[in-house]
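Following: one structure in structure tokens, then a few remarks.
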Protein chains: 2
Amino acid sequence: MTRFLTPLATTLPATVPFTGPETMERQQGHPFRARLGANESLFGPSPRAIAAMTAAVSEVWMYADPESHDLKAALARHHGVTPGHLVLGGGIDGLLGLLCRLTLEPGTPVVTSLGAYPTFNFHVRGFGGTLHRVPYRGDHEDPQALLDAARQTGARLIYLANPDNPMGSHHPAAVIEDMVANLPDHSLLVLDEAYADLAPEGSIPNIPPDHPQVIRLRTFSKGYGMAGARVGYAITEPGLAQAFDKVRDHFGMGRVAQIGALAALQDQDWLAKVQQRVVTARARVTAIAAASGLRALPSATNFVTVDCGQSGDHARAILRETVARGVFIRMPGVAPLDRCIRISLGDDAALDVLEEVLPQAVAAAG
Amino acid sequence: MTRFLTPLATTLPATVPFTGPETMERQQGHPFRARLGANESLFGPSPRAIAAMTAAVSEVWMYADPESHDLKAALARHHGVTPGHLVLGGGIDGLLGLLCRLTLEPGTPVVTSLGAYPTFNFHVRGFGGTLHRVPYRGDHEDPQALLDAARQTGARLIYLANPDNPMGSHHPAAVIEDMVANLPDHSLLVLDEAYADLAPEGSIPNIPPDHPQVIRLRTFSKGYGMAGARVGYAITEPGLAQAFDKVRDHFGMGRVAQIGALAALQDQDWLAKVQQRVVTARARVTAIAAASGLRALPSATNFVTVDCGQSGDHARAILRETVARGVFIRMPGVAPLDRCIRISLGDDAALDVLEEVLPQAVAAAG
């Protein structure tokens, strides 16, 4: 241990939010047959985005535009906001880190759900914030419980993902709008909408962009199929949006990524095709699970969470046997969500492998 | 102003370290004829890196390996260290931010040189550190003055770039080695070696990789010509290297960037060609400056700093007239360094434009 760390940094654990599939492949000595664990989009990015990125590769000697002017302008038009309402960053993960940095001091209370996105928790702890967690209500995050806990703890941040990861559930827009209307004055709602592009109609709330207590987070990693590019964005009132300029790495955006995201946004037809494929793939994964006696939960995302119907140990055994047979999947980390496994949607080839492997894994798990 | 910011975030200024050339182009309404201001490499990345990145574009739906295993292994071999001595990050800028986060609390003293890399200062202030700055000694950062100031202030970090930006000067290895031998116990030397790949022989110090008081920073942005990819790395003792895992955005590296950096590293012949071109271009920029009566300083980098021989106002006038004629250059921000302008090296086409424009700019500046 080096002697130069702050007291906070000294006490932080060395845990990471997720082990990468490449690490698992190195450990097991062979590559996965199907990569269905990280909620990546096997349907890939728009061919127009691929073409734009390919053309941009030879320009990679240049830094990206630190203001992401063109991408911001296009996003502003897309969402009906001004560029001043937008923050571009290195995926939602990167933006969550900056948001925690801007808002949390050691001991600042934060509310989230028990089993919700671990990377948010990683960043909260990383800046010394104190996490308070409320249980899911069935397979949904519980807005009322989050609001109650926020009032009780004086939380500065309330995290909610809609649609939800890891359960794939969603709340109708009205539920989120009602939550926004009832926020305590001291709380900012961190509304993670990573899966919004794949959500059913009627689940994306209407929130005035100047609302002083909401920051919405979006990404090109899921519906747009560009997880490896690291482009996410926040929509929030201009005062908070500008604050990111105080701390962000202004030249941190990749040039190829920035150019690719703009092209991806401009190809909404491709996104519509992905949305159709996602619907089809959800049905197929549901059927594959049912054939093994497992119940898929309704999904508003690009993954299907499958209730294995018994204990966490049982689900972990199915996960282990599935992974051992070359299919990378993940599962929720805590009870009672850990009775489930989480399967990202894939193309036909990947789901063929899943169809072959899952029954074997379930049988082997006993 | 939002009410959710920490006291530190509230007090931070909204300044940015640098205005991007794209912003300037938008303001002036036309693109630059030559882009010689950001120390990018107009010689570009290795064709093998371009090929690898082009092939990787269609895989961008996948996150990058969060451990950067293959790139780390190759870098470890290249530098004769273990992977445990390495930290990969989003350029040196990103790594400087994480380092400041790990080591600084409000009021922690930090020492740097007056006029040295502004982005380091941005991150120090961003975490509340207190900057103490010592003057350059002529055109060089002054190791003895930095050590003295570190002792006087109890500095936790001492920043020094070798070769230096913005002056392009360098210290021989022995000077840096002597500085390392005389570090006060409470100080970590932040040795920014962004330009090491272009430095003259004998200027890269031999520092044991397990030295507990040094972190060296390297990048693929300069010699390797991949500024827009955002890949930098640190070499330091494993205790400090591991600490980055406590706070870094584990999935923050771009996949195309990660793959491209590995290919770039494996093409040392290309780097050797770039080094030759840099030497040739230095001589040409020196001659172009001399033809306008300006004295180029010796350069150990991919830019040439040109002493305009008079006041900061005079240099600023030359810069303004040069930029107005379509050549993007920058200059040091503070006296007495601001008697200079800084011209990044370019290919023949870019230097042809410089050769045409600089005499006009000098004449117009009077």
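Hydrogens, waters and symmetry mates are skipped; everything else that's a heavy atom, side chains included, is used. Note on naming: letters A, B, ... go to the chains in the order of the sequence lines (proteins, then strands), and numbering restarts at 1 for each one. Every value quoted in this text rests on a predicted model; they were computed, and no experiment measured them.
Of the residues considered (A/Ala14, A/Pro238, A/Gly252, A/Pro47), A/Gly252 shows the highest number of contacts with chain B, using heavy-atom pairs under 4.5 Å. Between chain B and the residues A/His250, A/Glu25, A/Met62, A/Met226, the most heavy-atom pairs under 4.5 angstrom are made by A/Met62. Interface summary for chain A: among B/Ala241, B/Ala229, B/Ser187, the most heavy-atom pairs under 4.5 angstrom belong to B/Ser187. Ranking A/Glu105, A/Lys222, A/Arg230, A/Arg125 against chain B, the residue ahead of the rest is A/Arg230, based on heavy-atom pairs under 4.5 Å. Considering only heavy-atom pairs separated by less than 4.5 Å from chain B, the leading option among A/Asp249, A/Leu99, A/Leu102 is A/Leu102. Chain B forms more heavy-atom pairs under 4.5 Å with one residue of A/Phe43, A/Tyr224, A/Phe251 than with any other, namely A/Phe251. Per-residue heavy-atom pair counts under 4.5 Å with chain B were compared for A/Leu188, A/Leu157, A/Val247, and the maximum is reached by A/Leu188. Note: B/Arg101 leads B/Arg156, B/Glu59, B/Glu67, B/Arg101 in heavy-atom pairs under 4.5 Å with chain A. No other option in B/Leu42, B/Leu104, B/Asp65, B/Leu12 has as many heavy-atom pairs under 4.5 Å with chain A as B/Asp65. Per-residue heavy-atom pair counts under 4.5 Å with chain A were compared for B/Gln242, B/Arg255, B/Arg26, and the maximum is reached by B/Arg26. Of the listed residues B/Gln258, B/Arg248, B/His123, B/Gln213, the one with more heavy-atom pairs under 4.5 angstrom with chain A than any other is B/Gln213. Per-residue heavy-atom pair counts under 4.5 Å with chain A were compared for B/Thr103, B/Asp245, B/Leu96, and the maximum is reached by B/Thr103.
Looking at A/Ala38, both its backbone and its side chain come within 4.5 Å of chain B, counting heavy atoms on both sides. Contact of A/Phe220 with chain B is not made at all, since no heavy-atom distance falls under 4.5 Å. Only the side chain of A/Phe122 comes within contact range of chain B, with heavy atoms under 4.5 Å apart.
Using a distance-only test at 3.5 Å, with no hydrogens or angles considered, a donor-acceptor pair links the side chain of B/His186 to the main chain of B/Ala155. A donor-acceptor pair is defined here as one N or O able to donate and one able to accept, closer than 3.5 Å; such a pair exists between the side chain of A/Lys246 and the backbone of B/Thr10. Side-chain N or O atoms of B/Trp270 include one that pairs as donor or acceptor with a backbone N or O of B/Gly44 at under 3.5 Å. Counting only distance, with no hydrogens or angles, the side chain of B/Thr236 and the backbone of B/Val214 share a donor-acceptor pair below 3.5 Å.
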Test side chain to side chain contact (heavy atoms under 4.5 Å, CB included) on A/Ser344 and A/Phe328; report intermediate values, then the result.
CA-CA 9 Å; A/Ser344 305; A/Phe328 168 51; over 6 Å; no

Does the pair B/Phe120 and B/Val110 meet the rule for a side chain to side chain contact (heavy atoms under 4.5 Å, CB included), with working shown?
CA-CA 10 Å; B/Phe120 176 70; B/Val110 173; 3.7 Å; yes

Audit row: B/Phe4, A/Leu240, side chain to side chain contact (heavy atoms under 4.5 Å, CB included) steps and yes/no:
CA-CA 8 Å; B/Phe4 297 109; A/Leu240 179 55; 5.6 Å; no

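Contact annotation: the side chain of B/Phe18 approaches that of B/Pro118 to within less than 4.5 Å [non-hydrogen atoms, C-beta and beyond]. At a threshold of 4.5 Å between non-hydrogen side-chain atoms, the residues B/Glu40 and B/Asn302 do not count as touching. Contact check for B/Ile215 versus B/Leu95: no side-chain heavy atoms found under the 4.5 Å cut-off. Looking only at side-chain heavy atoms (C-beta outward), A/Thr19 and B/Pro66 stay at 4.5 Å or farther from each other.
Contacts between residues 49-56 of chain A and chain B, counted as heavy-atom pairs separated by less than 4.5 Å, involve A/Ile50, A/Met53, A/Thr54.
Using modelled atom types and a 3.5 Å distance limit, the side chains of B/Asn39 and A/Tyr63 yield no donor-acceptor pair.
Remark: B/Lys72 does not engage A/Glu22 in a salt bridge, criterion side-chain N to carboxylate O under 4.0 Å.
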